[in-house]
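If you're wondering where the values come from, they're calculated on a predicted model, not measured in any experiment.
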Number of protein chains: 4
Amino acid sequence: MTTINGITADQLRSIVERIERLEQDKANIAADVKDVYAEAKGNGYDTKALRSIIKLRKLEAAEREEQEYMLDVYMRAMGMLPELD
Amino acid sequence: MTTINGITADQLRSIVERIERLEQDKANIAADVKDVYAEAKGNGYDTKALRSIIKLRKLEAAEREEQEYMLDVYMRAMGMLPELD
Amino acid sequence: MTTINGITADQLRSIVERIERLEQDKANIAADVKDVYAEAKGNGYDTKALRSIIKLRKLEAAEREEQEYMLDVYMRAMGMLPELD
Amino acid sequence: MTTINGITADQLRSIVERIERLEQDKANIAADVKDVYAEAKGNGYDTKALRSIIKLRKLEAAEREEQEYMLDVYMRAMGMLPELD
DNA sequence: CGGACAAGTTTGCCAC
DNA sequence: GTGGCAAACTTGTCCG
């Protein structure tokens with residue numbers, strides 16, 4: 001078998017195809033998102049406002065996560081939870 | 001029912017949730033792509049070269065697509081295809 | 001001399017003016033491009049086809065460039081070119 | 001001479017080259033702008049603030065232009081300037 | 001005016 | 001950790 005540095009053409013092809021497949025899926029979903037916004041717009045929604053809502057909720061989710069993380073840190077510091085390795 | 005400009009809270013919630021679900025899917029796929037690159041790197045692949053291959057194939061695909069479009073334009077200009085409505 | 005964090009008003013003015021001058025030049029050229037398309041349209045050219053030709057040639061150029069880059073990467077991998085510093 | 005719908009290959013070539021040349025000039029200037037920002041950053045400037053200044057001045061210039069235009073309109077309405085043809 | 005296309009801006013990632 | 005690079009998102013522009 002043709003091999004360069006322990007890499008076969010089939011392995012390379014497999015990797016490239018996996019990535020391309022995933023990128024395609026990602027693009028499809030991005031198109032779906034666009035469709036949802038377009039549909040919403042057609043139903044009288046202000047897409048700019050919609051995007052703001054989405055962004056705000058994302059920030060809030062990140063903030064919640066951060067708060068939970070801090071709570072965890074404090075509880076460990078106070079010996080209310082086992083130390084991490 | 002509480003309605004503002006013909007928009008109900010339920011409709012809004014539905015749209016927001018659909019988008020957030022899609023965005024989540026997209027993020028998951030992006031993470032998968034990252035994993036594939038990381039795995040490839042672990043197997044001795046040069047990720048820079050890999051990305052270059054992907055990019056090149058993407059350019060080739062775009063070029064093919066554009067050529068088909070050009071052919072279509074030319075054939076219409078020469079009356080070999082029906083005009084678009 | 002009035003200086004804030006080692007920055008003088010004159011330096012700032014100079015930078016802003018350089019950028020604005022360059023942006024103005026860029027806008028002028030963009031207008032020239034518009035003119036060329038308009039003139040071509042007046043002479044019976046299909047601007048959509050023209051733009052397609054430009055786009056196709058751009059894709060070809062990008063592809064050539066990427067291929068040269070790939071060749072370089074491969075040759076380095078095979079020890080046919082010196083490693084970069 | 002080979003002619004399609006009164007269009008010669010030379011004419012087409014000329015147009016395409018003119019556009020590509022202009023686009024190249026535009027790209028060069030864009031690169032120059034990037035350089036100026038990079039240089040400014042190296043000298044301790046906050047590029048984000050710089051961009052804000054540029055944007056603000058652009059808005060102010062547009063506003064001044066608008067105000068002059070309105071003044072002109074008013075003066076014409078009051079017979080203080082000759083009517084436009 | 002609305003939709004497509006391009007430009008600019010921001011964000012995330014990778015290498016150093 | 002940082003800084004440059006590339007991708008994504010947003011914004012503005014231009015044509016139909």
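- No salt bridge links D:Glu60 with D:Arg57; every basic N to acidic carboxylate O contact stays at or beyond 4.0 Å.
- C:Asp25 pairs with exactly one of D:Asp25, D:Asn28, D:Val33, D:Ile29 by the side-chain contact (heavy atoms from CB on, under 4.5 Å) rule, that one being D:Ile29.
- Shown here is D:Arg76, whose CZ atom has more than 12 heavy atoms of other residues, nucleotides or ligands within 6.0 Å.
- F:dC9 atom C1' lies 15 Å from atom CG of A:Leu59, rounded to whole Å.
- The nearest whole Å value for the distance from the CG atom in D:Asp46 to the C1' atom in E:dT10 is 14 Å.
- Under a hydrophobic-cluster definition in which Ile, Leu, Val, Met, Phe, Trp and Tyr are linked whenever side-chain heavy atoms come within less than 4.5 Å, directly or via other members, A:Leu22 and B:Leu22 are assigned to the same cluster.
- Checked for salt-bridge contact, C:Glu39 and D:Arg18 meet the test: a charged N lies under 4.0 Å from a carboxylate O.
- The distance from atom OH of C:Tyr37 to atom P of F:dC15 is 10 Å, rounded to the nearest whole Å.
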Check your understanding: In B/S/- notation, 5' to 3', how is nucleotides 3-8 of chain E contacted by protein heavy atoms closer than 4.0 Å?
Key -> ----SS

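- Between the P atom of F:dC14 and the CD1 atom of C:Ile54 lies a distance of 17 Å, rounded to the nearest Å.
- For the pair B:Ile19 CD1 and F:dT10 C1', the interatomic distance rounds to 15 Å; values are reported in whole Å.
- For E:dA15, one of the phosphate oxygens OP1 or OP2 lies less than 4.0 angstrom from a side-chain nitrogen or oxygen of B:Thr47.
- C:Leu56 and B:Val73 sit in two unconnected hydrophobic clusters of ILVMFWY residues. Membership requires side-chain heavy atoms under 4.5 Å apart, directly or through other members.
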